[in-house]
A.B. asks: 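One structure is given below, represented as structure tokens, and several questions about it will come after.
To find a chain, count down the sequence lines: A is the first, B the second, and so on, and within it residues start at 1. Just so you know, these numbers come straight off a predicted model, no measurement behind them.
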There are 2 protein chains.
Amino acid sequence: MTTIEDVAKAAGVSASTVSYVLSGKRSISAPTRKRVEQAIADLSYRPHAGARALASSRTNVIGLMVPLRAGVDVSVVMQFVTGVVTHARQADHDVLLLTQDDAGGLERVAAGSMVDAIIVMDVEADDPRIPILRGLRQPTVLIGLPRDPAGLSCVDLDFEAAGRLGAAHLAGAGHREIALLGPPPEVMARHTSYADRVIRGFRHTRAERSLAAEVEACETTPDGARRAVDAVLGRAPGTTGFLVHNERALPHVLGRLAERGLRVPEDVSVVALCPTAVAMAQSVPLTSIDIPGEVIGGVAVDMVLSRLESKQPAESRLLAPVLTARD
Amino acid sequence: MTTIEDVAKAAGVSASTVSYVLSGKRSISAPTRKRVEQAIADLSYRPHAGARALASSRTNVIGLMVPLRAGVDVSVVMQFVTGVVTHARQADHDVLLLTQDDAGGLERVAAGSMVDAIIVMDVEADDPRIPILRGLRQPTVLIGLPRDPAGLSCVDLDFEAAGRLGAAHLAGAGHREIALLGPPPEVMARHTSYADRVIRGFRHTRAERSLAAEVEACETTPDGARRAVDAVLGRAPGTTGFLVHNERALPHVLGRLAERGLRVPEDVSVVALCPTAVAMAQSVPLTSIDIPGEVIGGVAVDMVLSRLESKQPAESRLLAPVLTARD
DNA sequence: GCCATTCGTCGAAGCGCTTCGACTTTGATA
DNA sequence: TATCAAAGTCGAAGCGCTTCGACGAATGGC
């Protein structure tokens with residue numbers, strides 16, 4: 001292993017000088033810097049991450065807690081992850097992967113100084129991890145919005161606005177009876193923050209515009225989608241507008257509607273709340289409200305790093321939803 | 001931050017004794033051990049990962065390079081990741097996430113001693129990362145099979161056998177004209193290891209049983225699936241058996257077949273090569289050859305860690321494919 | 001009853017890096 | 001020309017942990 005000492009020797013300077021060349025924290029004359037950089041290149045030197053972390057109390061690693069669990073749409077998750085990783089790399093950080101069911105992982109990596117900061121996805125309204133996060137010395141950003149975000153930074157799509165937007169779009173297109181097909185029952189039961197918020201927004205617009213509007217959970221299987229569609233049309237046969245917040249059930253919902261002789265967009269309108277790519281890949285390109293996973297992931301990184309730099313107070317950011325008409 | 005010294009003081013022993021309690025590398029009397037453990041609990045002490053890495057040259061972190069790129073089935077990827085992470089945690093290791101397009105990442109985390117070992121997914125036949133991997137001092141496991149695996153450990157489903165198995169199953173069901181619908185063109189063009197191997201196996205059985213058999217890449221969009229199905233049936237109208245190795249195109253392939261008036265399983269047979277859950281979630285539960293992502297990910301961890309422990313030589317493991325009949 | 005082991009513990013060295021004075025040199029200012 | 005500040009570099013002190021060698025005490029064999 002080549003060490004900073006080897007580099008120093010090769011460049012004819014002291015180790016601290018090499019360190020300052022690397023960090024730029026003190027000015028170094030041009031010729032010296034050149035020699036050091038040359039030596040670094042020649043020896044293909046890489047600072048030892050552990051030694052660096054020990055001496056500087058900075059690891060340049062961000063912990064990311066990802067839901068690898070039932071009912072979560074993997075492609076949405078992947079988008080978030082992609083956004084986080086690419087942004088983190090741009091800021092010269094790496095990403096340590098934690099899983100949702102490894103609750104102790106937060107404490108472990110934080111107290112063990114493995115990470116400088118933590119990003120948590122898929123937050124529930126009263127998430128049990130929140131007290132833990134409050135106790136850590138590392139800054140934290142939640143993707144999602146807990147009931148009480150005090151002291152914690154949060155970022156997410158404004159799902160409540162998305163619920164309103166979806167309902168309003170359907171109402172604006174003349175539909176008086178509409179329905180929200182949501183995530184699978186287990187996600188709803190957890191009170192996953194985004195699920196609840198969409199419903200709230202949807203109901204808000206229902207009241208405001210005095211629409212008839214059903215809300216139904218929806219499993220991701222063909223059968224589950226069938227049941228959900230049938231349930232809604234059983235209770236409210238006149239339903240002609242659907243807001244579907246369930247990426248994986250989407251094709252099956254469309255399939256069931258077709259089976260029942262309902263054509264999209266002639267007989268019923270469907271608005272999808274999902275990544276644009278998913279809406280485009282359906283049998284009919286659907287009008288959709290995008291879930292911009294990569295963007296949100298990137299923002300989360302920016303927020304958490306800026307909090308690291310400058311001890312800024314926690315803040316919440318909700319991204320405005322954007323609806324793109326397609327059918 | 002509480003340090004090992006604090007613990008030592010609280011327990012009335014020296015720091016080294018605490019270290020030995022933690023690592024078990026020397027025998028410690030029961031009473032002393034109890035006192036130390038009590039002190040650790042009281043102070044909720046966590047060893048500093050960086051310090052530990054520096055002193056022991058072990059990070060207890062595994063690097064995992066994941067494809068976050070076009071054409072890869074996210075749910076399959078997620079399964080691998082889940083397998084790797086859960087297995088790693090069981091062995092008291094964490095996982096650092098690297099992305100495919102961050103080729104320098106391998107060198108960076110390895111030379112910087114951020115990881116003890118590396119697992120690489122989605123390997124191509126002549127993967128440009130392979131020379132890099134050979135140069136690292138950390139053990140490596142590839143998920144996938146490069147053309148020349150010498151010196152590198154590999155693990156994967158035996159996709160060649162899966163190609164044979166799929167073709168043989170269709171032939172056994174009486175189909176004389178069959179087709180393989182593969183991954184998207186960009187994946188085929190990369191010569192991603194699994195894509196090539198399925199084709200090889202498929203062609204092998206075609207020759208062996210003198211079947212008529214088409215091979216066609218398939219995009220994951222509805223349109224792409226339509227084109228692929230039409231292309232096959234254009235060239236070989238008598239085709240009655242399909243092996244589909246493309247999870248995301250699967251629903252659209254079925255859709256297109258239905259559009260053309262071909263019923264599954266009455267008129268044509270479809271065998272899917274994908275995770276079981278995906279095959280079950282189609283409009284008709286499909287006969288399938290499972291891609292056991294979690295298992296493979298777990299095996300990869302076992303292999304890489306056992307190589308860490310005991311400097312064993314590299315080995316390759318191919319898991320036998322299992323076909324489950326459904327329609 | 002003596003020597004050789006084994007057991008349990010400690011002290012100290014060192015892992016590779018950052019960072020804080022402090023020192024020397026140079027250039028500008030009065 | 002004398003004085004001071006700034007620029008550039010170095011040495012040394014840690015950061016918190018592991019691990020090696022050493023040492024006293026307890027154990028066993030003869």
A.B. asks: Strictly by modelled atom types, are Arg26(B) and Ser19(B) linked by a side-chain donor-acceptor pair under 3.5 Å?
C.D. replies: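 Side-chain D/A pair, Arg26(B) to Ser19(B): absent.
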A.B. asks: Taking any heavy-atom pair under 4.0 Å as a contact, classify Thr3(A): base, sugar-phosphate, or nothing.
C.D. replies: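 Here Thr3(A) touches the backbone only, sparing every base.
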A.B. asks: What pairs of residues pass the salt bridge (charged side-chain N to carboxylate O under 4.0 Å, His left out) test when at least one of them lies in residues 5-15 of chain B, not counting sequence neighbours?
C.D. replies: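 Matches after skipping sequence neighbours: none remain.
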A.B. asks: What's the spacing between Ile130(A) CD1 and Asp148(A) CG if we round to 0.5 Å?
C.D. replies: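 Those atoms lie 7.5 Å apart.
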A.B. asks: Show, in sequence, the C-alpha distance, side-chain angles and deciding distance for Leu97(A) and Val84(B), and conclude whether the side chain to side chain contact (heavy atoms under 4.5 Å, CB included) test is met.
C.D. replies: CA-CA 11 Å; Leu97(A) 199 61; Val84(B) 168; over 6 Å; no
A.B. asks: With rounding to the nearest 0.5 angstrom, report the OG1 to CG distance, Thr59(B) to Leu96(B).
C.D. replies: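 One gets 9.0 Å once the value is rounded to the nearest 0.5 Å.
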A.B. asks: Near DNA chain D, counting only heavy atoms under 4.0 Å, which residues of residues 22-39 of chain B show up?
C.D. replies: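 Correct list: Lys25(B), Arg26(B).
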A.B. asks: Roughly how far apart are Glu315(B) CD and Leu152(B) CG, rounded to 0.5 Å?
C.D. replies: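 Atom-to-atom, Glu315(B):CD and Leu152(B):CG are 12.5 Å apart.
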A.B. asks: When rounded to the nearest 0.5 angstrom, what is the spacing between NE2 in His87(A) and CD in Gln90(A)?
C.D. replies: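 Here the interatomic distance stands at 5.5 Å.
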A.B. asks: Using a 4.0 Å cut-off on heavy atoms, which residues in residues 47-57 of chain A reach DNA chain D? List them by number, or say none.
C.D. replies: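 The answer is Leu54(A), Ala55(A).
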A.B. asks: Angle between the two end axes of the helix from dG1(C)-dC30(D) to dA30(C)-dT1(D), five base pairs per end, rounded to 10 degrees?
C.D. replies: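 Roughly 30°, once rounded to the nearest ten degrees.
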A.B. asks: What's the spacing between Asp94(A) CG and Met114(B) CE if we round to 0.5 Å?
C.D. replies: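 The CG atom of Asp94(A) sits 4.5 Å away from the CE atom of Met114(B).
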A.B. asks: List the steps, then state whether side chain to side chain contact (heavy atoms under 4.5 Å, CB included) holds for Ile143(A) with Val123(A).
C.D. replies: CA-CA 7 Å; Ile143(A) 296 182; Val123(A) 176; 5.8 Å; no
A.B. asks: Output, in order, the C-alpha distance, side-chain angles, deciding distance and verdict of side chain to side chain contact (heavy atoms under 4.5 Å, CB included) for Met1(B) and Ser57(A).
C.D. replies: CA-CA 11 Å; Met1(B) 235 214 121; Ser57(A) 339; over 6 Å; no
A.B. asks: Nucleotide range of DNA chain C contacted by chain A, 5' to 3', under 4.0 Å to a heavy atom?
C.D. replies: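 Using the under 4.0 Å cut-off, the span is dG16(C) to dA22(C).
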A.B. asks: When the nearest nucleotide of DNA chain C is assigned to Met1(A) and to Tyr20(A) on a heavy-atom basis, which residue is associated with the more 5' position?
C.D. replies: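 On the 5' side of the pair lies Met1(A).
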A.B. asks: Among Arg129(B), Arg190(B), Arg197(B), Arg147(B), whose salt bridge (charged side-chain N to carboxylate O under 4.0 Å, His left out) with Glu124(B) holds?
C.D. replies: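 Between Glu124(B) and the candidates, salt bridge (charged side-chain N to carboxylate O under 4.0 Å, His left out) is satisfied uniquely by Arg190(B).
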A.B. asks: Start with the C-alpha gap between Val155(A) and Leu319(A), add the side-chain angles, then the distance that decides, and say whether side chain to side chain contact (heavy atoms under 4.5 Å, CB included) holds.
C.D. replies: CA-CA 8 Å; Val155(A) 57; Leu319(A) 278 60; 4.0 Å; yes
A.B. asks: The criterion is ring pair (Phe, Tyr, Trp, His ring centres under 6.0 Å); which residues satisfy it with Phe159(B), sequence neighbours excluded?
C.D. replies: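 With sequence neighbours excluded, Phe159(B) shows a ring pair (Phe, Tyr, Trp, His ring centres under 6.0 Å) to Tyr194(B), His245(B), given in chain and number order.
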